[in-house]
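Below is one structure, written out as structure tokens, with a few remarks after it.
Quick note: numbers below take in every heavy atom, side chains included, and nothing from hydrogens, waters or symmetry partners.
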Amino acid sequence: MSKRARHPTGTSCTPAWCFPLRPKRCRSHAVALYADWHTVPLSAPGGQYHQRKATFGDLCTGCPLRERCTKARAGRILTIRPHHGLQTTARHQTATDPGWQADYRRWRPPVERAVAWLVHHGNRRLRYCGTIRNDTWLHTRTAALNLRRLINLGLTHTSGTWHLAPAST
């Protein structure tokens, strides 16, 4: 067992170390391992960062918050990836920033609708072997969906020119 797998207090975690955003799980392990990540980063010979994994096994046996932390018989296994700080910051922003939440509520439905149109009628899977053929199929499907949408918005072709009907209010 690695010394990084120790609790911040040295023995078992306490409620003061738990994050308020996720009260069902104890976050003291992540805090200790993430702090250690910045002091001694792992890197491969090519400069690529790897994830850190800690197995808490026996340390979880006597912990009073074990039920909040894990249900695994062998104890908790915690993985910290190189972008843990960015992910934590983004999750905090999604939970607290009203401007971000308003943008999300505004833009998610149209994006979901576009994806739903794209995958409708069994188009969730690629039909062809090879990148070029699938890329051609995707562009053709997208162009057809865009044309259908424009026609529904009032696109007409008269006397050699295309016209889009003005938006009605």
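Between W137 and N123, the shortest heavy-atom contact is CZ2-OD1, 3.4 Å. Between W100 and Q93, the shortest heavy-atom distance links the atoms CD1-NE2, 3.6 Å. When all heavy atoms of D135 and H139 are compared, the closest pair comes out as O-ND1, 2.8 Å. Of all non-hydrogen atoms in H121 and R127, the two that sit nearest each other are O-NH2, 4.3 Å. The nearest pair of heavy atoms linking H120 to R141 is O-NH2, 3.4 Å. What you find for Q101 and T94 is that their closest heavy atoms are NE2-O, 2.8 Å.
N134 places a side-chain N or O within 3.5 Å of a backbone atom of Y128 that can act as its donor or acceptor partner.
Atom NE2 of H157 is surrounded by more than 12 heavy atoms from other residues, nucleotides or ligands within 6.0 Å. Other residues, nucleotides and ligands contribute over 12 non-hydrogen atoms within 6.0 Å of the NE2 atom of H163.
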Step by step, work out the side chain to side chain contact (heavy atoms under 4.5 Å, CB included) result for L138 and L118. CA-CA 9 Å; L138 179 64; L118 186 64; 4.0 Å; yes

Worked check of side chain to side chain contact (heavy atoms under 4.5 Å, CB included) between H83 and Q87: CA-CA 6 Å; H83 300 292; Q87 191 174 23; 5.7 Å; no

As a quick check of understanding, evaluate side chain to side chain contact (heavy atoms under 4.5 Å, CB included) for L155 and W162, giving each step before the final call. CA-CA 7 Å; L155 182 69; W162 291 95; 3.7 Å; yes

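Within the model, atoms CG of L147 and OG1 of T142 stand 12.5 Å from one another, a figure rounded to the nearest 0.5 Å.
By the side chain to side chain contact (heavy atoms under 4.5 Å, CB included) test, L153 pairs with R149, L164, sequence neighbours left out.
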